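Scroll down for the structure; my scribbles are underneath it.
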Amino acid sequence: MSQLRLSCRPEDKDLCFLADFVRQSSSCRVEWVPCQNDVAQLQVDSSVAAEGTQAVGRCLVTHSQANSRQSVCLLGNGSLEDASVWQWCEFAQQLKAANTGTSKHTMLQQLNQWLSNRSFVATHSLSLADLWLYAVCRPILSTGSFSFNGYSHIARWFEQVHSTDGVKGLYPDVALYRL
């Protein structure tokens, strides 16, 4: 069993969520320590395995898969699904970095449209992209001021990811306000 040590900023709640998911869904032990600089880092058994947000996320999931109690492949099956997963992980990072309500609104509209005929964002089952987007969207969607009016597909997807084994119980339920 691997000992994982995640070093990131406290505001990197998406990486902290992924670490919590790995703890819940596998036999990996994950320890969080404050970041010494602004670059996320993951150590595996005392050796640096990855640096940077996306590399750390991928490494966390890879170790989770190797020690998993689940059979779902979070990175996709094949190169096309793998590319789709990483495209949506990049989208999640852009959504997280969006600093205006207008740009976040536009990105959420894109996500809602994309989910109009899909259960999950990148593959036919839960993937790292869903987990990452869930972690990024959660603070946006859980504010009492956010209305799901016009975002019915995001609401459905969010509830589905939230109720998934490994995610369920990590955070309290979110009241999805629909006007």
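Because the structure is predicted, anything quoted here is derived from the model rather than measured.
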Taking every heavy atom of Ala19 against every heavy atom of Val30, the minimum-distance pair comes out as CB-CG1, 3.7 Å
For the aromatic rings, using the six-membered ring if either is Trp, is the centroid distance between Phe158 and Tyr151 under 6.0 Å? no
Given Lys96 and Asp12, is the salt bridge (charged side-chain N to carboxylate O under 4.0 Å, His left out) satisfied, shown in steps? CA-CA 10 Å; Lys96 179 181 172 185; Asp12 289 331; 3.1 Å; yes
Shortest non-hydrogen separation from Leu6 to Leu15 and the atoms involved: CD2-O, 3.8 Å
Say you draw a straight line from CG of Asp38 to CZ of Arg9; how long is it, rounded to the nearest 0.5 Å? 5.0 Å
Atom of Ser84, atom of Ala122 and distance for their closest heavy-atom approach: OG-O, 3.2 Å
Ignoring hydrogens and geometry beyond distance, is a side-chain donor-acceptor pair present between Gln93 and Asp14 at under 3.5 Å? yes
For the residue pair Ala98 and Met107, what are the closest heavy atoms and their distance? CB-SD, 4.3 Å
Are the side chains of Trp132 and Thr53 in contact, using a 4.5 Å heavy-atom criterion? yes
Considering all heavy atoms of both residues, which atom of Phe17 and which atom of Leu131 are nearest to each other, and what is their separation? CE2-O, 3.4 Å
Short N-O contact, Asp82 and Arg58, less than 4.0 angstrom: yes
Any sub-3.5 Å donor-acceptor pair from Arg118's side-chain atoms to His124's backbone N or O? no
I want to check something: taking the side chain as every heavy atom from C-beta on, are Val48 and Gln41 in contact at a cut-off of under 4.5 Å? yes
Inter-residue atom distance Leu111.CG - Leu133.CG, 0.5 Å rounding: 6.0 Å
Side chain of Asp130, backbone of Val121: donor and acceptor closer than 3.5 Å? yes
Find out whether Val136 and Lys13 are in side-chain contact, i.e. whether some heavy atom of one side chain is under 4.5 Å from a heavy atom of the other. no
Any luck finding a side-chain donor-acceptor pair between Trp157 and Asn112 under 3.5 Å? no
Other residues, nucleotides and ligands only: do more than 12 of their heavy atoms fall within 6.0 Å of CD on Gln113? no
List the atom of Leu95, the atom of Cys137, and the distance in Å for their closest heavy-atom pair. CD2-SG, 3.8 Å
